[in-house]
2 protein chains.
Amino acid sequence: MDSVTNLEQRSPTTPASSGAGLGYGIIDQPMRQVEARLRQELQSRYEQLAPILRHGALLGGKRMRPALVLLAAEAVGEAGEAHVTIATVLEMVHTATLVHDDVLDSAQQRRHVPTVNAKWDEQTSILLGDYLFAQSFYLSATLDDTRACRWIGEAARRVCEGELRQVHSRDVLDLDEAAYLSIVQGKTAELCSVACRLGAAYAGADEVTVERLSNYGDALGIAFQIADDFLDLWGDSDQTGKTLGTDLWQGKMTLPLIRLLQTSDAAQRETILQILSGPAADRLPAITPLLAASDARDYTRRRAQEFVDTALAAISSLPDSPAQAMLQKLARFAIDRRF
Amino acid sequence: MDSVTNLEQRSPTTPASSGAGLGYGIIDQPMRQVEARLRQELQSRYEQLAPILRHGALLGGKRMRPALVLLAAEAVGEAGEAHVTIATVLEMVHTATLVHDDVLDSAQQRRHVPTVNAKWDEQTSILLGDYLFAQSFYLSATLDDTRACRWIGEAARRVCEGELRQVHSRDVLDLDEAAYLSIVQGKTAELCSVACRLGAAYAGADEVTVERLSNYGDALGIAFQIADDFLDLWGDSDQTGKTLGTDLWQGKMTLPLIRLLQTSDAAQRETILQILSGPAADRLPAITPLLAASDARDYTRRRAQEFVDTALAAISSLPDSPAQAMLQKLARFAIDRRF
């Protein structure tokens, strides 16, 4: 996780507006269509809303969910018009959750771009998120059947469920790894999973194949979130665009902390719990030496790797293709990245 | 608007949980199905989320949007299973907007029930609203075709657009009546209109009839909002469950104020603008005598009546039926109410 990623990296000081920043190679052309579609969907006939919506389109990052839709389609068949629509919808849903997350976290910046609440206010953020949700559902209903609406609606509900559970688990210091993983599954993995599921299904794949790609997305999403937890403690804030220790500050229990607590004796556990319930600004310096003396870092890295392995296994029986190779690369990138 | 409503009134101290509080008569049975469906949709397998979702189901008020779906259906044909689903979906979308409105307005109570932000926190409110949006779109996608998803998605987007425009028009003291009506059309009338449109369309009505019912809902929604503006200044807070002058406090330009400004000479205009840009708590007592000396109250009442007349005209060519009579009653109730 300290090594340079294999994928073409966007310079960390370049905002995400350029879209296919990861260099998705074989799907560059449909990815550009997604970018164009995104801009088109975020126009408004009301002059006062145009800059707000335009800003919304800048906030997404790696465009991972659109890429997953297109790659899953190409791995089992061909990406078409419906896939561009679905990819756009999922990026809009994802952006809606980011815009609302930035209110929940009172964040000022996201990937070197000011958040909507920083640039305007919380009210604008809440309503922009709602606008994105509504418009994305409208867009998914322009497809021929209700499958995409149903699956995306259900996935979005699970994302909210995961986020609600996370908020109500803040400062719950005895959160165990199973509860943590179940929250992450909803909060982060659900949209990756439904992206792969829809990509494959709308390319005409059979049920077993659809299920495999869905499992790939699920494991990829969890690996990605564990890597985020890792980067929050051991990343480079210039590269991630986030302040180190933000999770600690917010009382979010992440996998390294859960591991640290789990492997501590009663006395150390008491010390850690005091740190975690103490002043937010003191937590990172106080917890860093304890983490360093434990196996939390290695354990976190190993668990992330296990989910990458699960993702790779899920698609191992797919026929060799550039798309399948790219999905493999993406799974490795999930944890082998600096941003 | 000072007279007692013709419809059976819920006691103002009874929370809205009892559902069909307005006594919708002929549709009482499907309205009970909507209540049951709403409760069913707001269950969770996560114990910590159950009380939050249950609370969400209490926040709706008059259940006007579900009633409109069912009455529109009965006025042109028959309300069936699909109508119960659509009615539930629209009430969930409406509740989502209310939950988010309460964050935007930092409201502590809604119809004598503590708001989600008062009982829990803002984060929970934002995520509960998102959850309701997502689950409602999922539910609308369980219907056979994409019509409901498409229309509801579009309507929800217009509601957000209206709300965004309202937020960005706060303290814009020269907002004119046309801009005000256009915002209200999105913010309030859109969901009433789509409720009637879907009710009629899913009962098999022809396009012209669907359009008429949609126009009825639109005019009804606008009349309802103007009456809300009226009640904010001249209502009884015990009955409305809201503090008088809340719109003034929040810098929302309402129809009475727009009229007052429009009919004032330059000097009085200056005085009014000073009051409206002065301390929030001083606005109501300072503006009340000016309103009383103007025709703002009569004008507001008259404009509301004009929209009621438009609503009534839109459905005048429908065959006589108990549902049509109830729609007429509802239009009169929109402005002839105390809560």
Side-chain angles (χ1 to χ4, degrees), chain A residues 44-46 48-49 52-53 93 96-97 100-101 103-105 120-170 172 182-183 186, chain B residues 44-46 48-49 52-53 93 96-97 100-101 103-105 120-170 172 182-183 186:
Chain A
S44 174
R45 62 198 183 94
Y46 300 108
Q48 61 187 160
L49 305 189
I52 301 167
L53 292 171
V93 172
T97 67
H100 282 181
D101 278 353
V103 181
L104 304 183
D105 298 342
W120 287 276
D121 48 40
E122 283 202 1
Q123 302 180 319
T124 305
S125 297
I126 294 174
L127 292 170
L128 174 63
D130 292 351
Y131 184 105
L132 291 166
F133 273 128
Q135 182 67 359
S136 66
F137 284 111
Y138 165 75
L139 187 55
S140 70
T142 60
L143 295 169
D144 289 338
D145 61 68
T146 58
R147 244 181 326 171
C149 293
R150 220 164 53 237
W151 292 356
I152 294 170
E154 196 169 25
R157 197 253 298 154
R158 287 186 180 150
V159 171
C160 298
E161 219 163 47
E163 297 237 31
L164 269 171
R165 290 175 66 210
Q166 179 172 63
V167 164
H168 286 265
S169 302
R170 276 194 190 172
V172 174
S182 154
I183 288 172
Chain B
S44 174
R45 61 199 183 95
Y46 301 107
Q48 60 188 159
L49 305 189
I52 301 166
L53 292 171
V93 172
T97 67
H100 282 180
D101 278 352
V103 181
L104 304 182
D105 298 342
W120 287 277
D121 48 39
E122 282 201 2
Q123 302 180 320
T124 304
S125 296
I126 294 173
L127 292 169
L128 174 63
D130 292 353
Y131 184 105
L132 290 167
F133 273 128
Q135 182 67 0
S136 67
F137 284 113
Y138 165 75
L139 187 55
S140 70
T142 60
L143 296 169
D144 290 339
D145 61 67
T146 58
R147 246 182 322 173
C149 294
R150 219 163 54 238
W151 292 355
I152 294 171
E154 197 169 25
R157 197 253 298 152
R158 288 187 181 151
V159 171
C160 299
E161 220 163 47
E163 296 236 30
L164 269 171
R165 291 175 67 209
Q166 179 171 64
V167 164
H168 286 265
S169 301
R170 277 192 190 176
V172 173
S182 154
I183 287 172

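Residue numbers start from 1 in every chain, and the chains themselves are labelled A, B, ... in the order their sequence lines are given, proteins ahead of strands. Hydrogens, waters and symmetry mates play no part in the numbers below; they use all other heavy atoms, side chains included.
- For the atom pair CD of B:Q123 and CG of A:D101, the computed distance is 10.0 Å after rounding to the nearest 0.5 Å.
- For B:T97, no part sits under 4.5 Å from any heavy atom of chain A, backbone or side chain.
- Per-residue counts of heavy-atom pairs under 4.5 Å with chain B were compared for A:T142, A:I126, A:I152; the largest is that of A:I126.
- Between the side chain of A:Q135 and the backbone N or O of B:R157 there is no donor-acceptor pair closer than 3.5 Å.
- Atom CG of A:L127 and atom CD of B:E161 lie 11.5 Å apart (nearest 0.5 Å).
- Heavy-atom distances place both the backbone and the side chain of B:L104 under 4.5 Å from chain A.
- Among A:W120, A:W151, A:F133, the residue making the largest number of heavy-atom pairs under 4.5 Å with chain B is A:F133.
- Considering all non-hydrogen atoms of both residues, B:S169 and A:Q48 come closest at OG-OE1, 4.0 Å.
- Of the two parts of A:R170, only the side chain, counted from C-beta on, holds a non-hydrogen atom closer than 4.5 Å to a non-hydrogen atom of chain B.
- Considering CZ of A:F137 and OG of B:S136, their distance stands at 7.5 Å, rounded to 0.5 Å.
- The two atoms that bring B:C160 and A:Y131 nearest to each other are SG-N, 3.6 Å, heavy atoms only.
- Options A:A141, A:G129, A:S140, A:G153 differ in how many heavy-atom pairs under 4.5 Å they form with chain B, and the most are formed by A:A141.
- Counting heavy-atom pairs closer than 4.5 Å to chain A, the top-ranked of the candidates B:H168, B:R158, B:R165 is B:R165.
- Proximity to chain A (any heavy atom under 4.5 Å) is restricted, for B:V103, to the side chain, taken from C-beta onward.
- The part of A:L49 that comes within reach of chain B is its side chain, from C-beta onward, which places non-hydrogen atoms under 4.5 angstrom from that chain.
- Atom CG of B:L143 sits about 8.5 Å away from atom OG1 of A:T146, to the nearest 0.5 Å.
- The salt bridge (Lys or Arg N to Asp or Glu O under 4.0 Å) pairs that include a residue from residues 121-142 of chain A number zero, where partners must be two or more places apart or lie in different chains.
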